[in-house]
Structures are given as structure tokens and as C-alpha cells.
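One structure below.
Just follow the structure's listing: the first ligand is 1, and inside any ligand the first atom is 1.
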Amino acid sequence: MSQIIIRGGQRLEGTLEVQGAKNSVLPILAATILHPGRTVLRRCPRLTDVDASIRILRHLGCEADWEDGALVVNTAGMNRWDVPDHLMREMRSSVIFLGAILARCGRAEMSYPGGCELGPRPIDLHLSTLRALGAHIREEGGRLLCQAGTLAGRELALSLPSVGATENAILAACGCEGETVLVNAAREPEIVDLQNFLRALGCDVRGAGSSTVCVRGRQATRGADYAVMPDRIAAATYLCAAAAAGGEVELTGVDARHLSTVTAALHEAGCHVSGDSGRIRLRSEGDLRSIGAIRTAPYPGFPTDAQAVLMAALLRSHGATVFVENIFENRYRHVDELRRMGADISVADRVAVVTGVRRLSGAGVRCTDLRGGAALLVAGCAAEGETAIGDIHHIRRGYEDPVRDLGALGADIRLEP
Ligand code: UD1
């Protein structure tokens, strides 16, 4: 199995263009189904989760191929509405295909999506919103059998602003007759990106980015040539690496407004951060201080996906920082791995307290999940000696090439087969 080896202690310097966003491209790939024709996706990151989506599209009878760095999808030949169990298990986001297949085919069949490292991740809200739009959904032997009949738009409210349930509802609503008004929708920038893509297809979606999204059901009328938004969590990861190791980096292509809670935390910790709608610059002496409590929350709150990398950045800070994880139950699995490097972290239920230590030392560690793996990259950049990171398939789900990207910023990092 491959490992990533980092020899820490190098300052990070230079400019990096941030990859396209995993959490945007996955729903957008499902949304390509709404238009029975060709769509070109630019800045599409090459991730194993994208490969899993491509396998689902091909199973459904669609074409999906890389051409000159873009992913070209043609769904004209779509001739199935079922997703087999082995493809559903590959990633949790496969459930986003449910709303899109229903909108296109009027029926869908799939099993529950893959298990998750972060604790229980129910899909009750996905199912209840689709039922509210008129889908009949039976659960039989672990399979979800969905018949749409006539989907009809209406006003519906989510009991909590789930990102995935919002995306599924928007996609299904595109296939409804009449208008759907979705209240308490998630406000993440990736929902706005999905809306922008759907509009490019000719769909009528408004309000994304606020908590009320309106969709006037209408079939997609045209294909699109679309660039996926930059990945704010990959950006947060590289900023945290530079904050922890020290250095001066500029990330391009990224919208600083999407990262305001993360950059505010890094500023409070002693980094100099500036940015606008196209770039973020960060300068750090690697000598950070502790900050006020970090509580993860739905956007625009502090992202749960950046909790682990910020924690890793603060391992050598002066003082103690409290983290409260409010979104997922089991999101501190990276803590044991960070402790192997000398970190002082105590965890009780949803609260973790990081007390800064003078030095971290390189160690053999394993990724426990995607963002936990990213935290090991950050800690490895700040540790003395060599860190060998195993189980890197978790990282490959969401980072195109962290060895290339951190290497471009001057980290001493390599992939060892
Ligand atoms: C998305 C992101 C993930 C991020 C998360 C929260 C993608 C591909 N993934 O995941 O990286 O960490 O948002 O920002 O975009 N919930 C229910 N019932 C449901 C659905 C969700 O109880 O039917 C709960 C979840 O257990 C969790 C909370 O709602 O506690 C938020 O989950 P949600 O926003 O749905 O996350 P995902 O869309 O799965």
C-alpha cells in the first residue's frame, strides 16, 4: 500500500491554484442526468469519489470520459434507473443520484449509500422531501424502490439544513410540475454552484445561498460547458499547512468570502491573512497562539470539514483551544493519530481540547477518514523528522494530488509506493 512521506519543518512558500470542489462536482455529476445530451465539466478534480460517480453514470448507460483535462458527460443513451449495491457502497454521495434519476426517469432503484466513518448518517430527510414531492418510496431488503408517478412542486421545509437533502430536493424539483419552495435549505456555496450549473442547463432555480430555494419544474433544455467552483476545504487545508509550518503562500482561484470563518480563526491565531473574490494570501511565522472556541455549524458557520485541519494547525500553539463538533458524532478519529506525533488533545463526547506542545515529532500514522487524513498532512508539515501516512485512499477521495500541491509550496513530501 502506498504511503505519503513528509519530512517536516520546511517553510511553505509560493502560489497554488486550488482544485475544483469535490462537494460541488458530485451533485453536478448527478445533475448532468437532467439533460439528455452532452455536458462539459471543467476544473473537475480527479478524485476517487469522481471515479465512483463516473461508474454510476456509465452503469446508467451514460458516457463519461476525460478529454483535455475536462470531464465530458453524455447522458443521451441513459437506459437504466437503478444503481447496484456495490456502486452505492463506494461513497455516501451516491444518494444524490436519487433525485436526479427520479426527475429524468420517473422512477429509481438503489440501496442505501455506503457506510461512513463519521458516525451514523441517516438519509431520512432525503426520503421525506422526495416523498413530499410525490415519490412513492418502498424499502425492501435494503433496496429503495421509488416510483415518481407525477411529481408535483409544493412548499416544503427541512427540519435541519442538510446539504445532501437540499441537493436531492432541488434535483427532484427540476422534474416536478409547478413550483417547489424549499425552506430551511442548506446555504453552502456548493448549493449555489449546483444552482448555477442547473441554470446553465436551462432549469429555473433561484435563491440558493439563502435558506429558501425556489425551483420551477422544467426539463433541462440544453447542455452546458461549466467550470466547477474551487474547493474551499482543500484551500483551508493548504492554508492550515502553511500556518502550522510557517511561510507565505497565495492560493488562487478561490473565493476568500467562502473561507471567512477559517481565515478569521487563522488570523486570531497570529497569521496575516488577506484575500478577495479570487485569491487568499497567508503569512505565518509558524508560532501560533490558541484561539476562542471553534464550534462547527452549517454554512456560514465554521465548516465541520475544516475542523480537523485547523486542529492540526494549532497543535504547537501557545495555550489551549476548545473545539465543539456539532454536525457529526464521530469526527475526532484523527485525534489518536495526532497523539502519536506528540499532540496533547483530550476528547469528551463532542468537545476536544487542544493544548499546544513545543514540538511535534514525525511518526507512522494512518488516515481514519478523508479530512482526518488531511489533518495528518498538516501536522506532518509542522513536525520534526519524518511522518509516514498510511491508508491514503481516504485522502484520494477528496484531494487530487496533495503531494504535488504541497510539494509545489516547498514541502519535503513524496509518495512511496
Ligand atoms: C455534506 C458534505 C460533507 C460535509 C457535510 C456537512 C458533500 C458531498 N458532503 O455531507 O463533506 O461534511 O455536508 O457540511 O457535499 N442528516 C440527517 N438526516 C438526513 C441527512 C442528514 O439527520 O437525511 C444529518 C447528518 O447526520 C448530519 C447533518 O444532518 O448530522 C448534516 O449532514 P448533511 O448536511 O446532510 O451532510 P452531507 O450532505 O451528508
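The minimum heavy-atom distance linking Ala408 with Leu16 is given by the pair CB-CD1, 4.3 Å.
Residue Ala165 has no nitrogen or oxygen atom sitting less than 3.5 Å from a nitrogen or oxygen atom of ligand 1, judged on distance alone.
Within ligand 1, the atoms closer than 4.0 Å to a non-hydrogen atom of Leu125 are 18 (N), 19 (C), 23 (O), numbered from 1 in the order shown. Numbered from 1 in the order shown, with element, the atoms of ligand 1 that lie under 4.0 Å from a heavy atom of Ile327 read 27 (C), 30 (O), 31 (C). Atoms of ligand 1 found under 4.0 Å from any heavy atom of Ser93 (numbered from 1 in listed order, with element): 8 (C). Of all atoms in ligand 1, numbered sequentially from 1 with element shown, those under 4.0 Å from a heavy atom of Arg331 are 12 (O). The atoms of ligand 1 that sit less than 4.0 Å from any heavy atom of Gly164 are 35 (O), 38 (O).
For atom 17 (C) of ligand 1, the choice among Ala186, Pro303, Pro122 with the nearest heavy atom turns out to be Pro122. Considering each of Ile96, Asp49, Leu160, the one bringing a non-hydrogen atom nearest atom 28 (C) of ligand 1 is Leu160. Comparing heavy-atom distances from atom 4 (C) of ligand 1 across Asn168, Asp305, Leu26 singles out Asp305 as nearest.
Between the side chain of Thr75 and the backbone N or O of His35, at least one donor-acceptor pair lies under 3.5 Å.
Of the heavy atoms in Thr304, only side-chain atoms (C-beta onward) come closer than 4.0 Å to ligand 1. When heavy-atom distances to ligand 1 are checked against a 4.0 Å cut-off, Phe328 comes that close only through its side chain, counted from C-beta outward. Looking at Glu167 against ligand 1, nothing comes within 4.0 Å, counting heavy atoms.
Rounding to the nearest 0.5 Å gives a distance of 15.5 Å between CZ of Arg58 and CZ of Arg80. Rounding to the nearest 0.5 angstrom, the gap separating the CG atom in Leu314 from the OG1 atom in Thr355 is 11.0 Å.
For the residue pair Tyr299/Glu190, the side-chain donor-acceptor check at 3.5 Å is not satisfied. Under 3.5 Å, the side chains of His394 and Asp369 contain no donor-acceptor pair of N or O atoms. Glu325 and Thr304 are linked by a side-chain donor-acceptor pair at a separation below 3.5 angstrom, with hydrogens and angles left out of the test. The closest side-chain donor-acceptor pair between Tyr226 and Thr39, if any, does not fall under 3.5 angstrom.
Taking a 4.0 Å cut-off on heavy atoms, Glu190 fails to register as neighbouring ligand 1.
Salt bridge Arg143/Glu140: absent, no basic N to carboxylate O contact under 4.0 Å.
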